[in-house]
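Residue numbers begin at 1 in each chain, while the letters A, B, ... track the order of the sequences.
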Amino acid sequence: MARQAPSTVSEELMTEEKNRLEKYNPHEVEPRWRATWESSNIYKTDLHSSKPKHYMPTMFPYPSGNLHIGHWYAFSIPDTRARFMRMQGFEVLFPMGFDAFGLPAENAAIKNNIDPAKWTYSNIEYMTTQFKRMGTMIDWETTELKTCDPEYYKWNQWFFVQFYKRGLTYKKESFVNWDPVDNTVLANEQVIDGRGDRSGALIERRLMSQWHMKITDYAEELLNFDGLEWSEKVRVMQTNWIGKSVGAEVDFATPAGALRVFTTRPDTIFGATFMVLAPEHPMVAALTKPEKLEEVTAYQAVAKLASDIDRTAEGKEKTGVFLGSTASNPFTGKEIPIFISDYVLVTYGTGSIMGVPAQDARDWDFAKKFNLEIIRTVQTPADWDENKPFMGDGVAINSDFLNGLNVTEAKTRMMDELEQTGKGNRKTTFRLRDWLISRQRYWGTPIPIIYCDKCGQVPVPEEDLPVLLPENPQFLPTGQSPLTLLEDWKNCTCPKCGGAGVRDTDTMDCFVDSSWYFYRFLDPKNTQSAINSELVNKWSPADWYTGGIEHAILHLLYARFWTKAMRDMGLINFGEPFTRLMNQGIILGEDNEKMSKSRGNVIDPDNLVDEYGTDTVRLYLQFIGPWDQGGPWAPKGVNGLANWLGRVWNLFLESPDKTTENIPLIDLEYAIHYALKKVTEDTEAFKFNTSIAAMMELSNFLGKAKRSNLYGTTEWNIALETFNLMLAPYAPHIAEEIWHRTGHIGSVHLESWRAFDPSKLVKDTFEMVVQVNGKVRGKTEAPSNITDAEAFALARGLENIRGHVEGKETVKEIYIKGRLVNIVVKG
RNA sequence: GCGCUGAUAGAGAAAUGGUAAACUCACCUCGCUUAGAACGAGGAGCUUGCGGGUUCGAGUCCCGCUCGGCGUACCA
């Protein structure tokens, strides 16, 4: 339908047209400011500043080739908080580096015949350009830290040697986890459900001689999280991994000598009716009667071949073989049969247990299967199903001198007895094993050890470090490190005797690299020492460390261990690397599924930035929900944030149409301080989504207020300036552009955060809700300092309330300050 | 099995025990008719997974249940 506007309106529109503000164009504004910030170096951290420090490393990325949306989520959001802390007056270090050693480079090299170093360095170069588009306050000098640089891994080797000298690094032969796809051994922490964490291959057991770090020396201390603000989830996961069990070791007499078991329930010994050894237990042979030999050998063979998955499969029926021998229960004197079974692990405790079926579900199953005696030694509750083992607390029965004691008392009494009689002793066992760090791979830190026929293992002297990773490796599927093929490199002279020596040809697990890099950031170019102790002591522990939950055990446990070892070497004066830890969630695809190429739901941040600009992408990622929760990607939501920034742009820079409304000044001040309080507190608490919502509410209010009498007043200008500052950490580019267009000189990012004024949040009056029996029946304006009695009187005076209360008995009257009155009546 | 965690309009997501519920997107109406996958004005939509309980008052606290996510699992 065609319409004809009156000519006067047309003219008015035409004038407006002329004055119309150019639309916000992030593609012009954002790169311009990034260039300015870089050239004026405004994000350089002064490590010697007298301001209070705030150290905020994030788990540094692996140079896989591309920054994905998860990287944006992990790095751009902490950047907002880093910027906020900076505006709050802290000297903030927000570093970045690259975790550059690792298998993907080597696998890419094998597949495409590229040098892993070239692949890695070119990825780093490209990812750095991508990083810069994120508009962060990263101090780029720290990206000197690339773990594959000899200047970095030299210090891995240095630490290795120092730890070696202190007995923290040692080589031992043991059954290790062999990944047949990646052709290397793995640490226990890298085996998930019996499979390699990277390759997914079923892990095999191999007996090999490998280098270990003695993390078990710190098992007890690693259980202590005092002073750390870490999520319960991570603390529980680490605690379970370390797996401390307090109990006792007890000797049982057998024809082959004392058989030692570990138990957490020494109070149940009187109920021990059989023994079980792991199939690999060293005493098996001696305890096997000749007529049982064949059966035992067969069982051992099956157990050896079975993977851990098969051995520990859910609901697996108990199996085992009676060895033909018996042991003597040290307290009852009874002879009890000795079995082997794969439910007992040779790697835990003593590799042997006493079977107490009445108080242990596994032993119960085993006893039922083999028809063994079951003796209750803890009184079961009255309504207990007698066809089940009882693991709970109760009074000891059938247990001689323990009878009548509860479980805790009985344990103590029995452990005292064991120690007095010499039949056993108190013992604490950990599930945690020493950290296996050898890898039969090329792309890692060479292990600085030389083997000499005369001198044995000889650490490479400090002055000869680094042991450089040789160039031009050959990758052959030999199951040995590629370094073994490089004869020239491998053969050397023994530093001790000068004779012929051979280098260790394995490289270190790359979790070694990431165990201390956050200290190196404070002096990444240091050629004299691994770290600058003075700066590290000043800046560490990190105030806030963030990254994915997948490192809850691996990296975070190793980093804590390394820190404690460094402390004990006297390098640093604290024992925990990260005071506060937070794990971001995962950004899912539009379909609420994990992003993957095969699902075709991958969101490419580069495309988004091309379309909307950096600020919009950052804002959207923060607005999507709580940061630790992650969430699905909603393409239309991004558009919403882009539009909001457009409205904010207009709010600041466009002249208002006309003044129509009258808004009290007090409302403006309330709005701005309300938002300021919310944004300050929420940013502090990492609640970016609600912080942005508060800014949206503010901008909605200001949009209205702009067409009121408030426009152009001093208070109006202060309000806008305050809003501009609040926006700066969240949308750094547009905030900077607005800052300059509204007449400011100097970067908004060098400004201070405004403190909110609580007095502006106090109103003289409030809208008092009046309820009768909990239902809203009226509302009235009331003075904020109203007393209870006055509030009730005021409420009762309301016409629509009278109807509900008159002639009825009042049961109760409640006044909630500044909110409501509830009158409870009866009848 | 155990531990942690979640369930609020079509989607995402707020809410110190206090007005049956922010904010954004999507949707509807009107205006503008081109700053256009824009802008302005307005509107509709959730009795907060289910069942009990505590309370003057419950999305919020307690008990039970259902469904989902994450972790862990013969560790003696």
Checking all strands, does [X] fall into the base, sugar-phosphate, or nothing category for heavy-atom contacts under 4.0 angstrom?
X: A:Glu767; answer: base
X: A:Lys779; answer: base
X: A:Gly631; answer: nothing

Any strand: nucleotide that pairs with [N] via Watson-Crick or wobble, under 3.5 Å:
N: B:C56; result: B:G18
N: B:A11; result: B:U24
N: B:G51; result: B:C63
N: B:A41; result: B:U29
N: B:C2; result: B:G71

Quiz prompt | Stepwise ring pair (Phe, Tyr, Trp, His ring centres under 6.0 Å) test for A:Tyr612 and A:Tyr620 | solution = CA-CA 11 Å; A:Tyr612 298 102; A:Tyr620 177 68; 9.2 Å; no
Quiz prompt | Check: A:Ser245/A:Tyr348 side-chain N/O donor and acceptor closer than 3.5 Å | solution =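 Checked: A:Ser245/A:Tyr348 side chains pair up, N/O donor to acceptor below 3.5 Å.
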Quiz item: So A:Leu794 and A:Met768, side chain to side chain contact (heavy atoms under 4.5 Å, CB included) or not? Walk me through it.
Solution: CA-CA 10 Å; A:Leu794 182 62; A:Met768 189 174 80; 4.0 Å; yes
Self-check item: A:Asn643, nearest nucleotide to its side chain (from B:G12, B:C39, B:U24)
Solution: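 The answer is B:C39, which lies nearest to the side chain.
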Dump every N/O contact between nucleotides 16-18 of chain B and the protein below 3.5 Å, one line per pair.
unit_1, atom_1, unit_2, atom_2, d
B:G18, N2, A:Asn822, ND2, 3.4

Exercise. Please state whether the phosphate of B:A15, meaning OP1 or OP2, lies under 4.0 angstrom from any side-chain nitrogen or oxygen of A:Lys687.
Key: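 Yes, within the criterion.
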Exercise. Specify the residue among A:Gly349 and A:Gln629 whose closest nucleotide of RNA chain B lies further upstream toward the 5′ end.
Key: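 Per heavy-atom nearest nucleotide, the more 5' residue is A:Gln629.
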Quiz item: On RNA chain B, nearest-nucleotide positions of A:Gly640 versus A:Ser245: which is more 5'?
Solution: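 Closest to the 5' end, via its nearest nucleotide, is A:Gly640.
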Self-check item: Reported CG-to-NZ distance for the pair A:Leu761 and A:Lys678, which is rounded to 0.5 angstrom
Solution: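 Reported value, rounded in 0.5 Å steps: 12.5 Å.
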